[in-house]
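Step one of this worksheet: look at the structure below.
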Amino acid sequence: QVQLVESGGGLVQAGGSLNLSCVASGRTFSAMGWFRQAPGKEREFVAATTWLGGNKEYGNSVKGRFTISRDNAKNTVYLQMNSLRPEDTALYYCKAILSLPSRSDLKYQYWGQGTQVTVSS
C-alpha cells in the first residue's frame with residue numbers, strides 16, 4: 001500500500017523557517033513534488049525533484065527561499081522553507097509521480113494528507 005506522510009508544519013513568525021518532511025512507502029517513484037493550497041485559492045506548485053539525478057524545479061513565488069531535497073535511503077523528501085511570509089500560509093501536500101516531475105498536481109498519482117503551515121505577520 002502506497003503511503004505518503006507529511007510532517008513538520010506549524011506556526012512560525014514571518015521571516016522564520018520550517019522544514020517539511022514527506023516519507024514515502026509502498027513503491028518507488030520517479031519524482032516527488034510539494035504543492036500548497038490556501039483557503040479560497042487554487043492549489044499551487046511549490047517544488048519538485050526527481051529521485052535520481054536530483055533535477056529540481058521551483059514555483060516562482062518560492063524560488064530563492066525554499067529548497068527541496070531528498071534522502072533516497074530514507075525514502076524521504078524535504079522542503080526547507082526560509083524567509084517565510086504570511087502569504088506562504090497554506091496546507092502543504094506531498095505528491096508522488098511515476099513519470100517526470102510536473103507543475104500540474106493532476107498528473108501526480110499519489111499524495112499525502114497534508115501539513116499545515118501558518119505564518120504570522
Query raised in the report: Taking a hydrophobic cluster as the set of Ile, Leu, Val, Met, Phe, Trp and Tyr residues connected by side-chain heavy atoms closer than 4.5 Å, whether directly or through intermediates, do Leu91 and Val46 fall within one such cluster?
Result: no
**Report entry** Thr115 and Ser7, any side-chain heavy atoms less than 4.5 Å apart
**Finding:** no
Report summary line: By side chain to side chain donor-acceptor pair (under 3.5 Å), Ser61 pairs with (sequence neighbours left out) Arg36, Glu44
Query raised in the report: Between Ser17 and Ser83, what is the shortest heavy-atom contact and its length?
Result: OG-N, 4.4 Å
Requested in this report: Mind checking the CD-OG spacing from Glu87 to Ser121? Nearest 0.5 Å is all I need.
Outcome: 10.0 Å
Report summary line: side chain to side chain contact (heavy atoms under 4.5 Å, CB included) filter on Thr76, not counting sequence neighbours, yields Ser21, Val23, Lys74, Tyr78
Query raised in the report: About how many Å separate OG of Ser104 and CD1 of Ile97, when rounded to the nearest 0.5 Å?
Result: 8.5 Å
Query raised in the report: Rounded to the nearest 0.5 Å, what separation is found between the CD atom of Gln109 and the NZ atom of Lys107?
Result: 11.0 Å
Query - Shared hydrophobic cluster for Tyr93 and Met81 (ILVMFWY, side-chain gaps under 4.5 Å) - result: no
Query raised in the report: With no hydrogens and no angle check, is any side-chain donor or acceptor of Asn72 less than 3.5 Å from a backbone partner on Trp51?
Result: yes
Query - Residues in salt bridge (charged side-chain N to carboxylate O under 4.0 Å, His left out) contact with Arg103, at least two apart in sequence or another chain - result: Glu57
Report summary line: Heavy-atom nearest pair, Leu84 first then Arg65, reads CA-NH1, 3.9 Å
**Report entry** Glu42 side, atom CD; Asp105 side, atom CG - distance, nearest 0.5 Å
**Finding:** 10.0 Å
Query - Side-chain (Arg43) to main-chain (Gln37) donor-acceptor, under 3.5 angstrom - result: no
Report task. For residues 94-116, pull every pair meeting ring-ring contact (aromatic ring centres under 6.0 Å, His included), keeping only residues two or more places apart or in separate chains. Result -> Phe29-Tyr110, Phe35-Tyr108
Query raised in the report: Got a sec, which residues hit salt bridge (charged side-chain N to carboxylate O under 4.0 Å, His left out) with Arg27, two or more places apart in sequence or on another chain?
Result: none
Query raised in the report: Rounded to the nearest 0.5 Å, how far does NZ of Lys56 lie from OG1 of Thr50?
Result: 9.0 Å
Query raised in the report: Does any N or O in the side chain of Glu6 come within less than 3.5 Å of the main-chain N or O of Cys22, such that one atom is a donor and the other an acceptor?
Result: no
Query raised in the report: Partners of Tyr58 by ring pair (Phe, Tyr, Trp, His ring centres under 6.0 Å), sequence neighbours excluded?
Result: none
Query raised in the report: Mind checking whether Val2 and Val77 sit in one hydrophobic cluster, side chains of I, L, V, M, F, W, Y counted as touching below 4.5 Å?
Result: yes
Query raised in the report: Any link between Phe45 and Val117 through a network of hydrophobic side chains (Ile, Leu, Val, Met, Phe, Trp, Tyr) touching at under 4.5 Å?
Result: no
Report summary line: Distance col, row Leu79:CG vs Asn19:CG, nearest 0.5 angstrom, shows 7.5 Å
Report task. Report yes or no: does Ser30 contribute a side-chain atom to a donor-acceptor pair with the main-chain N or O of Leu98 at less than 3.5 Å? Result -> yes
Query raised in the report: Above 12 or not: heavy atoms from other molecules or residues under 6.0 Å from NZ of Lys41?
Result: no
Requested in this report: Would you kindly confirm whether Phe66 and Val119 end up in one hydrophobic cluster when ILVMFWY residues are joined by side chain heavy atoms under 4.5 Å apart?
Outcome: yes
Query raised in the report: After noting the C-alpha distance and the side-chain angles of Gln116 and Thr89, does the key distance pass the side-chain contact (heavy atoms from CB on, under 4.5 Å) rule?
Result: CA-CA 8 Å; Gln116 178 67 38; Thr89 296; 4.0 Å; yes
